[in-house]
Amino acid sequence: MATPAGSHPASPPAIPGKAAVAACASMAVSYVAILYAPTLLLRLPPATSLRAFFHRRFVCAAVSSAASVLATAALLGVWSFSDSSKALAVFGIRSDHLLEAVVIPLLLTSLVYAGSFVARLWVMSSSCDTDDDGVGVSCTEKLARWMQTSLQDVMVWRNYVVAPFTEELVFRACMIPLLLCGGFKMYNIIFLSPIFFSLAHLNHLFELHQQGCNFMRSLLIVGVQLGYTVIFGWYAAFLFIRTGNLVSPIVVHILCNMMGLPAFSSPRTRGMTSLAFLAGSISFFCLLFPATSPNLYNARLDGCSCWHGYCRWN
């Protein structure tokens, strides 16, 4: 566990386990509940466009995230730190070993998507010669057009910026230090903390029902989403604890949102997708622990029960 140079041992913070769990549950509920505040509490008229609707949600997510950070800082006594870098490090916001924290988790996670990359490259190689209207265009021009369109798409900002940053900040950077300092074991946190993350997606059931989707179909869709969020939550919590850097789960979250579910097979690639997926998955599990070794992401390790060495800081 990383301990900043020059720090001195201190007693672990007295955070009751029940208080840590209650705080995490409150953050999960508030992260979702605040999304409905503009219309239910502030009595604002419904948004007139999809862009305006998501702009409101972006503001709500930012407010909820800031409130969670302040609550976590108060519970952990971060205010007593004279060095702001130490206070930020409690949340995994660090500048040291930043390259490793970005590149290694991205490469590791990409192994699971080896089949997806093969399938997409196969499609791209056959479609780069023309655009949607049949006019000749290079792959570079097509990529430039896609990037320009994406920057103006509110859903791109939601899926690749707002959601990854705010969700990882609340559900990893705030909750995991609370649970660790509340006395919970690392592996218990890895497997149980995603429950809070999954509960925050239950509002999709209500929203699907509002859109006219029948209950059983809504339940099936949300059930698949919850299963996926639990698995991703395990991995994101594992990365956060092992690396001690918030940027690792954020970049992986963005990648997973871009790629979706891994491709297991494709009729177009003649078995190459399945072979790539199998080889990539085996490589992923073989490299999971070596590629996330805390030694790669921290200058110094000690025996503190918290991954960030918080319990030994002044």
Same hydrophobic cluster for [X] and [Y], using side-chain heavy-atom links shorter than 4.5 Å among ILVMFWY?
X	Y	value
Ile241	Leu106	yes
Leu99	Val252	no
Leu287	Leu278	no
Ile250	Val103	no
Phe285	Ile282	no

Hey, is the main chain of [Y] close enough, under 3.5 Å, to the side chain of [X] for a donor-acceptor pair?
X	Y	answer
Ser64	Cys60	no
Asn159	Met155	yes
Asn245	Ala101	no

Any heavy-atom pair between the side chains of [Y] and [X] that's under 4.5 Å?
X	Y	value
Leu255	Ser110	yes
Met259	Arg120	yes
His253	Tyr160	no
Ser30	Ile34	no

Starting from Leu275, walk the hydrophobic network (Ile, Leu, Val, Met, Phe, Trp, Tyr; side-chain heavy atoms closer than 4.5 Å) and list everyone else you reach, by chain and number.
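Via sub-4.5 Å side-chain contacts, Leu275 links to none.
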
Apart from Val29 itself, which Ile, Leu, Val, Met, Phe, Trp or Tyr residues share its cluster (side-chain heavy atoms under 4.5 Å, direct or through members)?
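Reading the cluster by chain and number, Val29 sits alone, since nothing else belongs.
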
Candidate pair Phe165 and Ile254, rule side-chain contact (heavy atoms from CB on, under 4.5 Å), full reasoning
CA-CA 9 Å; Phe165 278 84; Ile254 294 170; 4.3 Å; yes

If I take atom [atom1] from residue [X] and atom [atom2] from residue [Y], how far apart are they, to the nearest 0.5 angstrom?
X	Y	atom1	atom2	value
Ile176	Met186	CD1	CE	10.0 Å
Met272	Ser265	CE	OG	14.0 Å
Glu100	Tyr297	CD	OH	8.0 Å
Cys256	Leu261	SG	CG	10.0 Å
Phe91	Arg172	CZ	CZ	15.5 Å
His55	Trp157	NE2	CH2	9.5 Å

Once side chain to side chain donor-acceptor pair (under 3.5 Å) is applied, do any residues pair with [X], and if so which ones, sequence neighbours excluded?
X	value
Asp153	none
Ser293	Asn295
Thr109	Tyr235

After noting the C-alpha distance and the side-chain angles of Phe171 and Met27, does the key distance pass the side-chain contact (heavy atoms from CB on, under 4.5 Å) rule?
CA-CA 8 Å; Phe171 294 94; Met27 291 176 190; over 6 Å; no

Using side chain to side chain contact (heavy atoms under 4.5 Å, CB included) as the criterion, list what pairs up with Thr166, not counting sequence neighbours.
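In terms of side chain to side chain contact (heavy atoms under 4.5 Å, CB included), with neighbours along the sequence ignored, Thr166 is linked to Tyr31, Ala61, Ser65, Val162.
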
With sequence neighbours left out, which residue pairs that include part of residues 271-292 fulfil the side-chain hydrogen bond (donor to acceptor under 3.5 Å, both in side chains) condition?
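Every pair satisfying side-chain hydrogen bond (donor to acceptor under 3.5 Å, both in side chains) with a residue in residues 271-292: Arg242-Thr292, Thr269-Thr273.
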
If the condition is ring pair (Phe, Tyr, Trp, His ring centres under 6.0 Å), which residues does [X] pass it with, not counting sequence neighbours?
X	value
Phe117	none
Phe289	Phe238
Phe277	Phe264
Tyr187	none

If you apply the rule side-chain contact (heavy atoms from CB on, under 4.5 Å), what do you find for Ser68 with Leu169, and how did you get there?
CA-CA 9 Å; Ser68 295; Leu169 182 60; over 6 Å; no

For residues 37-54, tabulate all N or O donor-acceptor pairs below 3.5 Å that involve a side-chain atom, not counting sequence neighbours.
| from | atom 1 | to | atom 2 | distance (Å) |
| --- | --- | --- | --- | --- |
| Thr39 | OG1 | Tyr36 | O | 3.4 |
| Ser49 | OG | Ala52 | N | 3.2 |
| Arg51 | NH2 | Gln152 | O | 2.6 |

Step by step, would you call Arg94 with Asn298 a side chain to side chain donor-acceptor pair (under 3.5 Å)?
CA-CA 10 Å; Arg94 299 163 39 197; Asn298 298 279; 3.2 Å; yes

Output, in order, the C-alpha distance, side-chain angles, deciding distance and verdict of side-chain contact (heavy atoms from CB on, under 4.5 Å) for Val21 and Phe196.
CA-CA 10 Å; Val21 172; Phe196 299 110; 4.2 Å; yes

